[in-house]
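Below is one structure, written out as structure tokens; comments come after it.
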Amino acid sequence: MHFYGALILFMTLSAAYGLKCYRCDPGVVCATVVTCASGFNRCFSAEYMGLKGFGCIPSKLCVDPFKCCSQDLCNSAMPAGSSPLLLLLSSAIITIFL
């Protein structure tokens, strides 16, 4: 039972220590996930002349044509995975039944 609690704690802490964004250059299929460097606290998507680009950006540069967001993997139409609510719900179920 302590193992599951520690696992959930580490998963939660890992989400707090680095924003994850999709990164790709214009004209390339986005499938690369990167952890943004210090100071790059927003994910962005931009389109110019029909080409799209995705990556990390500092919040002060979030001006047109960049569309910025601040959650993990929020800069693409691809599904981002499980939500924190689902993580908490699964944690509660494990705690109750173990």
Side-chain angles (χ1 to χ4, degrees):
M1 183 159 91
H2 293 290
F3 172 73
Y4 290 116
L7 180 63
I8 291 169
L9 176 68
F10 288 130
M11 288 175 61
T12 305
L13 288 177
S14 69
Y17 285 110
L19 180 65
K20 294 187 186 316
C21 299
Y22 288 106
R23 183 189 180 285
C24 63
D25 297 320
V28 180
V29 176
C30 281
T32 304
V33 175
V34 295
T35 300
C36 297
S38 178
F40 289 80
N41 55 358
R42 298 287 187 265
C43 297
F44 81 89
S45 61
E47 184 173 354
Y48 181 72
M49 296 178 59
L51 297 174
K52 294 182 181 182
F54 302 89
C56 302
I57 194 170
S59 59
K60 63 184 175 184
L61 297 179
C62 288
V63 295
D64 197 44
F66 296 109
K67 295 177 186 168
C68 298
C69 55
S70 60
Q71 297 178 349
D72 283 341
L73 305 177
C74 61
N75 62 334
S76 179
M78 297 172 66
S82 62
S83 69
L85 182 60
L86 183 59
L87 180 63
L88 290 173
L89 179 64
S90 63
S91 170
I93 290 171
I94 289 171
T95 303
I96 291 170
F97 292 107
L98 289 181

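Quick note: numbers below take in every heavy atom, side chains included, and nothing from hydrogens, waters or symmetry partners.
- Side-chain contact check for C24 versus T32: every heavy-atom pair is 4.5 Å or farther apart.
- Nearest heavy-atom pair, R23 versus V34, reported as atom, atom and distance to 0.1 Å: CB-CG2, 3.8 Å.
- C69 has its SG atom 2.5 Å or further from the SG atom of C43.
- With sequence neighbours excluded, the residues that form a side-chain contact (heavy atoms from CB on, under 4.5 Å) with S59 are N41, R42.
- Side-chain contact between I57 and F66: present, with at least one pair of heavy atoms (C-beta onward) separated by less than 4.5 Å.
- Of all heavy-atom pairs between K20 and D72, the closest is N-OD1, 2.8 Å.
- If you look at Y22 and F54, their ring centroids are not closer than 6.0 Å.
- Disulfide criterion (SG-SG under 2.5 Å) for C36 and C56: met.
- Here I93 pairs with L89, F97 under the side-chain contact (heavy atoms from CB on, under 4.5 Å) rule; sequence neighbours left out.
- Side-chain contact between V33 and L73 is present, with at least one heavy-atom pair separated by less than 4.5 Å.
- The minimum heavy-atom distance between C68 and F44, with the atom names listed, is SG-CB, 4.2 Å.
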